[in-house]
Amino acid sequence: MTNDIYGPFPGGADFASALTEGQRARYEELGTNLEVVERRIADACAAAGRDRNEVTLIVVTKTYPAEDTALLAGLGVTDVAENRDQDAAPKAEQCRNLPLDWHFVGQLQTNKVRSVVRYANHVHSVDRLRLVESLSAAVLKSGRPELGCLVQVALDKEDDEGAHRAGVAPADVAELADAIADAPGLRLDGVMTVAPLAGPLAGDPARAFDRLAEIATAVRTAHPAATMVSAGMSGDLEQAIAAGATHVRVGTAVLGVRSPLR
């Protein structure tokens, strides 16, 4: 894809007409996949008695090139996510002129914080006090607007399972949420989880997301503006929406089967 695709975003028919044959084929493939996912979200919202506008689709673009991200923007996608800074930073730079809201959803090491705050508007994976402190310091030093943060909840850890998993145990969510809310430069947006692989909720995303909903309600009681509930991926977005998810993170269902991580 030529560099001008990353310039001032043309949008609409003019955008599509500028694509090469190969780009157009991928554009159409992504468009078809998006239609299917959008239908699933709409059906899940209807089944749960929710308005479709209550749920934001975040397309997880990890392992896919910036070209795909630009094509997604051309299809009307506004929210994209990455989980590794070494991939996200150059991709966000290439797509800097596109109307995209960048989410960081992977485990975040403190030595990557300064890079992440340059492009991410939301970090879904805040799971320890040291990370809160690093993010706050980096935001203040950069002079950028507030950074939205979500507490990553490890539901595996509720019953002393999944010690190796990223995220904070449910019992420790309130303390971490308070720390984010009190940290200069940070904004507590809500909570995030991935369906657990261990413990009594493993293999039962509906129950897992119901538990997250309980935790989210408790966080909102103390912090009413923390309304984001980030849950659900390609295989379980329906269960997440039924439980009240406000943001679903979908990769494979839109972009196809991923290539192995480098």
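Just the heavy atoms: all of them, side chains too, but no hydrogens, waters or symmetry mates, feed the values below. Everything numeric here is computed off the predicted structure, so don't read it as measured data. For the single chain, residues carry numbers from 1 onward in sequence order.
- Not a single donor-acceptor pair under 3.5 Å links the side chain of Ser136 to the backbone N or O of Ala183.
- Between the side chain of Arg187 and the backbone N or O of Ala181, no donor-acceptor pair lies under 3.5 Å.
- Side-chain contact between Tyr27 and Leu75: present, with at least one pair of heavy atoms (C-beta onward) separated by less than 4.5 Å.
- Within a 6.0 Å sphere centred on CD of Glu54, other residues, nucleotides and ligands contribute more than 12 heavy atoms.
- Contact annotation: the side chain of Val55 never approaches that of His247 to less than 4.5 Å [non-hydrogen atoms, C-beta and beyond].
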(request) Starting from the C-alpha separation in whole Å, work towards a yes-or-no answer on side-chain contact (heavy atoms from CB on, under 4.5 Å) for Leu19 and Leu71. (result) CA-CA 9 Å; Leu19 300 177; Leu71 293 174; 3.9 Å; yes
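- Distance check: Thr56 OG1 to Arg249 CZ gives 13.0 Å after rounding to the nearest 0.5 Å.
- Using modelled atom types, one finds a donor on one side chain and an acceptor on the other under 3.5 Å when comparing His223 with Asp178.
- Between Asp51 and Cys45, the shortest heavy-atom contact is O-SG, 4.0 Å.
- Val105 and His124 get closest at one heavy-atom pair: CG1-CG, 3.9 Å.
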(message) With side-chain contact (heavy atoms from CB on, under 4.5 Å) as the criterion, how do Val153 and Asp127 come out once you've worked through the C-alpha distance, each side chain's angles and the decisive distance to 0.1 Å?
(response) CA-CA 8 Å; Val153 184; Asp127 62 356; over 6 Å; no
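- From Asp189, atom CG reaches atom OG1 of Thr227 across 7.5 Å, with rounding to the nearest 0.5 Å.
- Looking at Arg207, its side chain does come within 3.5 Å of a backbone N or O of Pro200 through a donor-acceptor pair.
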(request) Report the C-alpha distance between Leu34 and Val77 in whole Å, list the side-chain angles of each, state the deciding distance to 0.1 Å, and finish with yes or no for side-chain contact (heavy atoms from CB on, under 4.5 Å). (result) CA-CA 9 Å; Leu34 272 172; Val77 169; 3.7 Å; yes
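- Salt bridge annotation for Glu67-Arg26: absent, with no cationic side-chain nitrogen under 4.0 angstrom from a carboxylate oxygen.
- The environment of CD in Glu29 is crowded: more than 12 heavy-atom neighbours from other residues, nucleotides or ligands sit within 6.0 Å.
- The closest side-chain heavy-atom distance from Leu188 to Val219 is below 4.5 Å.
- Between Pro170 and Ala154, the shortest heavy-atom distance links the atoms CD-O, 3.5 Å.
- In this structure, the side chain of Asn33 engages the main chain of Val254 through a donor-acceptor pair within 3.5 Å.
- Here the straight-line distance linking atom CZ of Arg118 with atom CG of Asp85 works out to 8.5 Å at 0.5 Å rounding.
- Side chains of Asp101 and His122: a donor on one and an acceptor on the other come within 3.5 Å.
- The aromatic rings of Tyr119 and Trp102 stand perpendicular to each other, their planes meeting at an angle above 60°, with 30° marking the opposite boundary.
- Across all non-hydrogen atoms, the minimal contact from Leu255 to Val60 is CD1-O, 3.2 Å.
- Environment of CZ in Arg50: crowded, with over 12 heavy atoms of neighbouring residues, nucleotides or ligands closer than 6.0 Å.
- Counting heavy atoms from C-beta on, the side chains of Ser230 and Val191 never come closer than 4.5 Å.
- Judged by distance alone, the side chain of Tyr64 and the main-chain N or O of Gly251 form no donor-acceptor pair under 3.5 Å.
- Formation of a donor-acceptor pair under 3.5 Å by the Thr32 side chain with backbone atoms of Glu28 is found in this model.
- Hydrophobic side-chain contacts under 4.5 Å tie Met192 into a cluster, directly or through other members, with Leu150, Val194, Met228, Met233.
- Shortest non-hydrogen contact noted between Cys149 and Leu186 is SG-CD2, 4.1 Å.
- The existence of a salt bridge linking Glu133 and Arg130 is excluded, since no basic side-chain nitrogen approaches an acidic carboxylate oxygen closer than 4.0 Å.
- Annotation: side chain of Arg114 is in contact with side chain of Lys141 (closest heavy-atom distance under 4.5 Å).
- With contacts defined as side-chain heavy-atom distances shorter than 4.5 Å, the pair Phe209/Val229 does not qualify.
- For the atom pair CD (Glu214) and CG (Asp210), the distance works out to 7.0 Å, reported to the nearest 0.5 Å.
- Counting only distance, with no hydrogens or angles, the side chain of Gln23 and the backbone of Thr20 share a donor-acceptor pair below 3.5 Å.
- If you take CD on Gln152 and CG on Leu108, they are separated by 10.5 Å, rounding to the nearest 0.5 Å.
- You'll find the side chain of Glu146 stays beyond 4.5 Å of the side chain of Val139, heavy atoms only.
- Inter-residue side-chain proximity for Lys91 and Thr69 is flagged as met; some heavy-atom pair is nearer than 4.5 Å.
- Among all heavy-atom pairs drawn from Ser125 and Leu131, the shortest one is O-CD2, 3.8 Å.
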(message) Walk me through whether Arg39 and Val36 qualify under side-chain contact (heavy atoms from CB on, under 4.5 Å).
(response) CA-CA 5 Å; Arg39 192 176 309 119; Val36 172; 4.2 Å; yes
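- Ile58 and Leu100 fall into different hydrophobic clusters, where Ile, Leu, Val, Met, Phe, Trp and Tyr residues are linked whenever their side-chain heavy atoms come under 4.5 Å apart, directly or through other members.
- Atoms CZ and NZ, from Phe104 and Lys112 in turn, are 9.0 Å apart once rounded to the nearest 0.5 Å.
- Under a 3.5 Å cut-off, the side chain of Arg40 and the backbone N or O of Ser234 do form a donor-acceptor pair.
- In this structure a side-chain-to-backbone donor-acceptor pair under 3.5 Å is missing from Lys157 to Val168.
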